[in-house]
Amino acid sequence: MLKILIPTLMLTPTIWFSPLRQAWSATMTYGLLLATMSLLWLKHSSETTWTHMNSYMAVDYISGPLLVLTCWLLPLMILASRGHMSLEPAERQRMFLLLLTTLQALLILAFSATELMMFYLMFEATLIPTLAMITRWGNQAERLNAGTYFLFYTLAGSLPLLVSLMVLQNSTGTLSLLTLSFNHFNLDSTYSNKALWVGCLVALLVKMPLYGVHLWLPKAHVEAPVAGSMILAAVLLKLGGYGMMRITMLLTPLTKDLSYPFIILALWGLIMTASICLRQTDLKSLIAYSSVAHMGLVIAGILTQTTWGYLGALTLMVAHGLTSSALFCLANTNYERTHSRTIILIRGAQLILPLMGTWWLIASLANLALPPLPNLVGELLLIVTLFKWSTWSIILTGAATLITAAYSLYMFLLTQRGPTPPHILALEPTYTREHLLLALHLLPLLLLTLKPELIWN
Amino acid sequence: MFAWRGLQRDFRSLRGLLTVTRDAQRCSRLPEGRLGSRRCLRTSARVYIDVIKDLERHLASGARKVADALPGSSWSPIEINPNLPPECADIVIVGGGVVGWSIAYWLKRKERVREALKVVVVERDPTYGRCSTVLSAGGIRQQFSLQENVYLSMVSADFMRNINDYLGVLNEDPVDIQFTQSGYLFLAGEEGAEVMQENHEVQRKAGAKVLLLSPTQLKHKFPWLNTEGVALASYGLENEGWLDPWSLLNAFRRKAVSMGVIPCHGEVTDLKHTTNVMKTSDGEKRTMKRIKSVQVQMPNSLEFQPVDCTIVVNAAGAFSGRLTQMIGVPLPVEPRKRYIYVVHCPGGPGLDSPLLIDSSGIFFRREGLGGNYITGASPTEEEEPDATDLEVDHQFFEDRIWPHLANRVPVFERLKVTGAWAGYYDYNTFDQNAIVGVHPSVCNMYLATGFSGHGLQQSPAVGRAVAELIVDGSFQTLDLSGFDFRRILADKPMLERNIV
C-alpha cells in the first residue's frame, strides 16, 4: 500500500526540483511505473476480503479496480496536458503537475480508506485541487461559474454526510469498515433514521451525479482543461459510487423502501440526459451529459442492493471511466487544433485525420456499449438487476439504450463523416503523443473484454 | 346570432383584461360593474397600454427599485468595459458592412440548434463614415456578363422583395428598404453593341428578363433621351431598381442581433496566427497559416481584447487588403474612390426614368419625386482619384460627367449640383469580381470581398453562400466556386465586362 502512496507523494520534489522538461517526462514515467505496480492490488491472495493492509488503508474487491483506474489515469492526464500547458510559464506548469499528483494521492487515500471518516475527509479534500484546476486553467470566462457550481453542490450535500457519519460513530462506536460489516444493522423506520439515510447518501448522489442534482457536471466538465475533465469523468464520479456501496451497508433495511424515488429519478435521468445529448452543440457538453446518463444507471444498480447490481455497477464504472476519459481526450485533440468545441464546425474529420477516426470509432462504439466490451457487460448486469427489481424498468432502460446508441452514433457521424468544410482542410496531423494517449485508454478496455475477472475477483 | 354577440362580448372583455385603458378624463362608473352596461362620459380618445409589451419595462423598474432598497452599491473596483468582445468566439466577422451582417444573419439562420454558433461582428466605425455600403448609390441590376453575377443579383432581388419574410423581427416595425423597382438602361455605341448582345444571351439563359431596344424603340419609350450615337440599348424588365442601403444594413443588423450575434465596436489590429510548413503530395513545401486569435482594440483606448476564434471572415470591404497584410498574405483588393453628385433639374425625366448608363461610362438615376437625380461616372485608369480621403472633386463633374450627361439627356443642360459625396469601391484589381471562399494559405480565413461596386446588390446571396460554405462545407444553392481565390493564383480572371 505504502509502496504506491509514498512514491506518489515523493513525486512532489521530483516536480518541483527537476528541470522543467524532465519534470514532465519523469512524472509521467514514474506514474506509469506506479500504475504497473498498482496492478498488484488486483491480486487477492488472502481469504479475507481485505488485502494489502495497514491500519488506515486497505484494498478489497470494490476498491481494487477503482484504485488501479486512479493510478492509471495520472500518466494519461500528464500526457494529455502537454499540448496546452507548453505555452505557460514554468512555475505554473509545475503547479499544475503538483495539483495532479496531489489529487492522485488524495484519491488513493480515499479509495483505500478503511475508516469512513477518512473516506469523507479525502472525499472533501479532492474538491480543492479540482476546483483549482477548473477555475485557474479553464479556457473561458464561464469557468468561475462552473467552479462555484461544482464546489457548492458537493459541499451542500456533504454537510449532512458529516453529521450522519458523526451520528453513526456515536451509535456504533466505530466507523471502521473492517468491523462494520460484522455489525448487523437493523434501523427502525423512524423519521430520524430516514433523515440519517438521506443525509448519508445525498452527498454521494450529488457526486455521481443523480439526475436532479446534476447541473454542476456539464459546467465543470466543459470548462475544465482536458486533465480536469479526464479525472472528473473517470475517477471523481466513481468516488460517489464507491461511497454509496460502502455506506449502504450501514443503512440496511431502510434502503429497500427509501431507495424507490432515487431509483426512479436515476432511470428517468437516464432517458432525459440521453435525449439532451442529441441536442447538444458543444462536443464536451455532449460527453458530459452522457456521463450523467451512465452514472444514473450505476446509481440505480447500487440502490437495488443486489450482487449483480454491485457487479454491474463496478464494471460499468471502470469501463465508463476509461471510455469517457478517452472521449474527452478526443474532443481535446479537436479543440487544440481548431480552438472550438462546436460540433458543426468540425465535420468530416476522418478525411483529414484518418487514424484519429479509428480512435473515434472505437471510443464511440464503447460509449454505446458494443458487445463484447465491458461497457455492455456492466449495462446488461444492471438492466437485468433492475428488471428483477421491477419489470417495468425495462421500458426505461431499453429506451435509454436506444437513445444512447443514437447519440453516440450521432456524435461519431457528425464529427467524422460527412462533408469536410474548407477551414479544416489543413489541420496539423496527429501527434504520436495523442495516439499513445488513446491507445493507453482503449487497450485496458480491450484487455478487460478478454478477462473481466480482473475486476470481479 | 346571440352566440356571435356573446363571442364579441367575451372577446371585448378578454381584451379589456389584457390591456389597461387609461382615460384622459375620469369616467363615471355605474355601481354595478357588469361589463357592457358601463357608461363612461369620456371626451378624449382612449389610450391603450399593452401590459405585456410594457412588461420588460415594469420588470426593469422593479429590479431597479429592489436594488436601490437593498444595502450596498453596484460599484466595483474593476472597471469592466461592457463593449469588450467575448474572449472566445466561433466565428469573427471583420467588417460590419452589409456583407458582414448578411453573413452573420445567414450563419444564425443555418445553425440547426439555437446558439450553436457564437458569431461576433467587429466594426471599427459605428457612424459608418467611410463604409462602402452606406455611401453607395444603392442600385441593383441583373445585367451582368457573367452568369454567376446574374444569378446572385436575381436571388438578392427576390430576397429584397420579400425582405420582411427574412428580416422581420417580432414586435418591431417592419423593414422598409424603399426598393424602387425600375430597370437599368445600358446604352451601347457601334463598338459595344456586339458585346451587349452576347451579354444579353447570357442574361436570358440565366433567366433574367432583359429587353434589347433599337434606337427608334428607345426614342419611342423614352422621348427625353437623345439617341444619337446609340446602336443598341439593354433594358431590365424586372428585379432591378434601387434601394436605401442604410435601411438594408440596419435590417440585417437588427435581425442578426435579435438572433444572437454579438456586435462589437472596435478595430482589428492584429491577427495572431501559427505557421505550419507542410508538404504537398508532389513534395513541394507550402506554408499554411492558421489564425488563432483576433486582437480587437477598443475605440479611443489602449485596451484590447484577444478573441480566440475558429474562423475569421474577411468582410472588411475596401480595407480587406489591410486586414490580410496583418497576416502577411497579399490580396488584390484596394479602395478606389468614386464620386456621386446630387443634381436638381426641374424638367428632367419623370417616374419612368430608368438608371441610365451611357456608353461613355456616366450614369444617373432619379432620386425621389422632387426632380433630384444622382449621377456619377467610373473614371478610367488614368483619371483614378487619390483614395486617401473622401474629398469630392467637383471639377470631375464639370469635365467628365456634365458634357456626356447633357449630350444624352438634353434637359440636363440646365441643372444645379446640390450636393456630392464620395465613397470607396472595394476594387478587385485582378478581375473586378467578388472573391468568395477560403484563402488557400490561411486555412481558416474566409473571404467575401472585392465586389468592385456590386457588393450591396449581391450581399444577401453572398451571405447565404458563405454561410453554406462554413456550415455545410460546400455551396448548396448557388455555386460560386468560380469566385474562389485560386483563380487569382492560377491567373485565370473571371472578367466582368459590365462594370459601372
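To find a chain, count down the sequence lines: A is the first, B the second, and so on, and within it residues start at 1.
Comparing Pro422(A), Ala141(A), Gly418(A) by how many heavy-atom pairs each has under 4.5 Å with chain B, the most go to Pro422(A). Most heavy-atom pairs under 4.5 Å with chain A: of the set Met445(B), Met278(B), Glu111(B), this distinction falls to Met278(B). Most heavy-atom pairs under 4.5 Å with chain B: of the set Ile344(A), Thr420(A), Leu425(A), this distinction falls to Ile344(A).
In this structure, CD on Gln140(A) lies 9.0 Å from CG on Asp308(B), to the nearest 0.5 angstrom. The distance from atom SG of Cys309(B) to atom NE2 of His339(A), rounded to the nearest 0.5 Å, is 8.5 Å. Between the CD atom of Glu142(A) and the CD atom of Glu87(B) there is a distance of 8.5 Å, given to the nearest 0.5 Å. Put simply, CG on Asp90(B) and CZ on Arg341(A) are 9.5 Å apart, with the number rounded to the nearest 0.5 Å.
Both the backbone and the side chain of Leu427(A) come within contact range of chain B, with heavy atoms under 4.5 Å apart. Heavy atoms of Cys443(B) lying under 4.5 Å from chain A belong to its backbone as well as its side chain. Heavy atoms of Arg279(A) lying under 4.5 Å from chain B belong to its backbone as well as its side chain. In this structure, chain A has a heavy atom under 4.5 Å from the side chain of Ile311(B), while its backbone stays farther away.
Within 6.0 Å of CZ on Phe304(B) lie no more than 12 heavy atoms contributed by other residues, nucleotides or ligands. Other residues, nucleotides and ligands place no more than 12 heavy atoms under 6.0 Å from the CZ atom of Arg286(B). When the shell of 6.0 Å around CD of Glu115(B) is examined, it contains 12 or fewer heavy atoms from other residues, nucleotides or ligands.
The two residues Thr342(A) and Ala116(B) make their nearest non-hydrogen contact at CG2-O, 3.0 Å. Heavy atoms only, all atoms of each residue included: Pro419(A) and Asp472(B) are closest at CG-O, 3.3 Å. Of all heavy-atom pairs between Lys292(B) and Arg337(A), the closest is NZ-O, 3.2 Å.
Side-chain atoms of Arg290(B) come within 3.5 Å of backbone atoms of His423(A) as a donor-acceptor pair (strictly under, hydrogens ignored).
Between Leu345(A) and Val471(B), the closest side-chain pair of non-hydrogen atoms is not below 4.5 Å.
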